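Note sheet for the following structure.
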Amino acid sequence: MLDIKLIRENPALVRENLAKRNNPECLQMLDELIALDKEWRANNTKLNDLRHDRKQVTMEIAKLKKACQNADAAFAKAQQVDQQVTSAEKQVVEQETKIKDYLLRLPNLLDATVPVGKDSTENVTVKTWGTIPKFNFQVKNHIDLALALDQVDMERAGKVSAARFFYLKNDVAMLDLALMHFALEELQQRGYTPVVPPYMMKRDAYEGVTALGDFEEVLYKIQGEDLYMIATSEHPLAAMYWNEVLKQDDMPVKLAGISTCFRKEAGAHGKDTRGIFRTHQFNKIEQFIFCNPEDSAKLHEELLENAEVLLQKLGLPYRVVNVCTGDIGTVAAKKYDIEAWMPAQGDYREVVSCSNCTDYQARRLGVRYRLKEGAPPLGPVHTLNSTAIATGRTIVALLENNQNEDGTVNIPEVLRKYMGDREKITKKR
RNA sequence: GCCGAGAUGGCAGAGUGGUUAACGCGCGGGCCUUGAGAGCCCGUGGACCUCCCGGUCCGCAUGGGUUCGAAUCCCAUUCUCGGCGCCA
């Protein structure tokens, strides 16, 4: 969330930034928030005065009782003041709830380098890597390849679970874990701490890390419990230091999250329905960083570079796009997507999302930093997150880019050591 | 799952119904010193009001309740630590 003090002191700056999103609702929320905050401050001051009155009366009663004098008049007055306090409290609490709601809904301020645009078609390509493979035969899509090689069973997954679930089998099941292992080893070498986080989180913690709409659109809720299945390990990693104060010397905290991800895909009817490109469940290694505010821009580039290196070692052609103001979402101040080349679709598709959330997540979560032990907190830290490798989509790209005319698929060099040193995915005899 | 104990500031730890969260450690500032340290003094949770001086309120795991008044009494929940049971 944004700093309410910034909104009070410099509403023009906030308004100007929010205007770039081309979303009139935002500006209206801002106006309502500013008016409500002003009202709340006045009411809060009044409430404090009333509470002060009550305290005076209470103390008088104590004095009278000590002196063994009659306190009936004071009791009556106390009761009356108490009523006023109660009704004032109710109003203040209502306003506070509304203010919090506005603050949770208002999106982050955008970085100056985010391109202005209306939707994903206006994202700006900042880099292209690799050469698009040429095939002198009819290319197959990933799902036809996988089915023919007996690597995946979608029908039974539909029977047992639902659409958008899958069974991975044989080499592709191994490939899934190989990718995880590969990404993890690379990140560990670069100083990231591997973490297996909880796969479920309570609502309060979840409100700190994500947009409110996600509760309906993406998150699975556990029936009868205050628990949500994680949509990415970014979420439990971000919430790890919830309401804690980090030492400046301990930052940046660099984590490599290891988890399965669960997503409802509620708004995606009809999109990518075949295959394993868009599913309710997939595995992912995630990069996450807590850092000093002045370091986040530099570390954002580091996260991008890490993700790029992984794709380069896998030999997958890709491009990097700077996600524009109309497509960037609530939490990030700046976001790169990496899109890998998908031969069957003849297009680049998203496989990595790399965000600088600045202080927006950290303020919601109360993750602050101090110079050293015992010193007062200086303010919220900055948080960043990026996919390292999401296995589902990476498998799609690998199958399609590395396919042979006979329907077999070459295994990238860097993954072979995790797959019995084999070079090809073939049908098991 | 059952029984018991517990949760207080950055940390440690008092406080068991009557305005002020003790003492310490850490941290910040000042005095002293060539410098550092020691020593001494002041400060050190959050919100709001204020022209500054300053003022008011909130805060003892969370949410309710009792009371004129709750860190303190009652109820529920969460988590931690013991003990028992169950379990991959």
Side-chain angles (χ1 to χ4, degrees), chain A residues 1-9 33-103 196-208 221-228 236 239-251 253 260 290 292 359 362-381:
Chain A
M1 66 188 165
L2 300 180
D3 188 354
I4 186 73
K5 282 183 183 157
L6 177 71
I7 295 173
R8 275 177 203 151
E9 285 161 17
L33 172 61
I34 289 170
L36 190 61
D37 177 60
K38 201 175 166 190
E39 242 179 89
W40 170 79
R41 271 149 54 209
N43 280 329
N44 189 48
T45 302
K46 252 186 256 166
L47 172 61
N48 283 352
D49 291 346
L50 283 170
R51 279 171 165 164
H52 179 65
D53 292 347
R54 179 173 68 179
K55 206 171 244 184
Q56 298 299 320
V57 180
T58 295
M59 273 153 49
E60 200 186 321
I61 291 170
K63 227 184 278 171
L64 289 171
K65 284 204 136 187
K66 245 184 204 164
C68 293
Q69 291 179 352
N70 184 299
D72 289 354
F75 271 117
K77 194 176 171 199
Q79 233 148 14
Q80 186 208 335
V81 176
D82 203 49
Q83 259 175 12
Q84 286 176 288
V85 169
T86 306
S87 84
E89 265 173 353
K90 199 179 151 216
Q91 195 182 18
V92 165
V93 167
E94 266 170 28
Q95 288 179 327
E96 278 172 355
T97 308
K98 274 193 203 163
I99 287 170
K100 191 195 160 199
D101 194 62
Y102 277 117
L103 282 172
V196 178
Y199 287 10
M200 300 178 204
M201 287 167 62
K202 57 178 77 167
R203 181 164 182 122
D204 276 1
Y206 232 125
E207 278 185 357
K221 182 169 194 323
I222 304 296
Q223 182 92 43
E225 309 263 349
D226 178 30
L227 287 171
Y228 294 82
M240 200 164 156
Y241 299 110
W242 192 18
N243 289 329
E244 292 188 34
V245 185
L246 303 175
K247 267 183 286 180
Q248 192 165 47
D249 285 353
D250 294 338
M251 298 196 293
V253 176
T260 304
F290 297 92
N292 291 305
D359 61 8
R363 185 172 295 106
R364 278 185 174 203
L365 284 165
V367 182
R368 292 149 293 160
Y369 70 104
R370 66 171 97 254
L371 284 175
K372 52 176 112 167
E373 189 67 40
L378 291 176
V381 300

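Being a predicted model, the structure only gives us computed values, none of them experimental. Proteins come first, then strands; the chains are lettered A, B, ... in the order of their sequence lines, and each starts at number 1.
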Given the [atom1] atoms of [N] and [M], what is the spacing between them in whole Å?
| N | M | atom1 | result |
| --- | --- | --- | --- |
| B:A21 | B:U72 | P | 15 Å |
| B:C58 | B:A7 | P | 23 Å |
| B:C40 | B:U78 | C1' | 46 Å |
| B:C60 | B:A14 | C1' | 12 Å |

Of all the nucleotides listed ([options]), which has the minimum atom distance to the side chain of [X]?
| X | options | answer |
| --- | --- | --- |
| A:T58 | B:U19, B:C68, B:U56 | B:C68 |
| A:H52 | B:C68, B:A47, B:C57 | B:C57 |
| A:N48 | B:C68, B:C57, B:C49 | B:C57 |

Could you tell me how far apart [X] ([atom1]) and [N] ([atom2]) are, to the nearest whole angstrom?
| X | N | atom1 | atom2 | answer |
| --- | --- | --- | --- | --- |
| A:K55 | B:G59 | NZ | C1' | 11 Å |
| A:D82 | B:U67 | CG | P | 11 Å |
| A:W242 | B:U78 | CH2 | P | 14 Å |
| A:N243 | B:U78 | CG | C1' | 15 Å |

For a quick check of understanding: with a heavy-atom distance under 4.0 Å over all strands, which category does [X] fall into, base, sugar-phosphate or nothing?
| X | result |
| --- | --- |
| A:A78 | sugar-phosphate |
| A:K77 | nothing |
| A:K5 | sugar-phosphate |

On the nucleotide [N], are OP1 or OP2 found under 4.0 Å from the side-chain N or O atoms that [X] carries?
| X | N | result |
| --- | --- | --- |
| A:R51 | B:U56 | no |
| A:R8 | B:C48 | yes |
| A:K46 | B:U56 | no |

Exercise. If we only count heavy atoms from C-beta on, is the A:D226 to A:D204 side-chain gap below 4.5 Å?
Worked result: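 Side-chain contact under 4.5 Å: no.
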Problem set entry | Pairwise 5' ranking along RNA chain B for A:R54 and A:A62, keeping only the more 5' one |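 Its nearest nucleotide being more 5', the pick is A:A62.
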My understanding is that a pair needs two contacts under 3.5 Å, Watson-Crick or G-U wobble. By that rule, which nucleotide pairs with [N]?
| N | value |
| --- | --- |
| B:C84 | B:G1 |
| B:U66 | none |
| B:U56 | B:A47 |
| B:A7 | B:U78 |

Check: protein-nucleotides 6-12 of chain B nitrogen or oxygen pairs below 3.5 Å:
from: B:G10; atom 1: O4'; to: A:R370; atom 2: NH2; distance (Å): 2.8
from: B:G10; atom 1: O2'; to: A:E373; atom 2: OE2; distance (Å): 2.8

Problem set entry | A:E244 atom CD, over 12 foreign heavy atoms within 6.0 Å |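 Above 12, so yes.
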Problem set entry | Nearest atoms (heavy-atom pairs only) where A:W40 meets A:I99 |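 Distance-wise, the nearest heavy atoms are CB-CD1, 3.6 Å.
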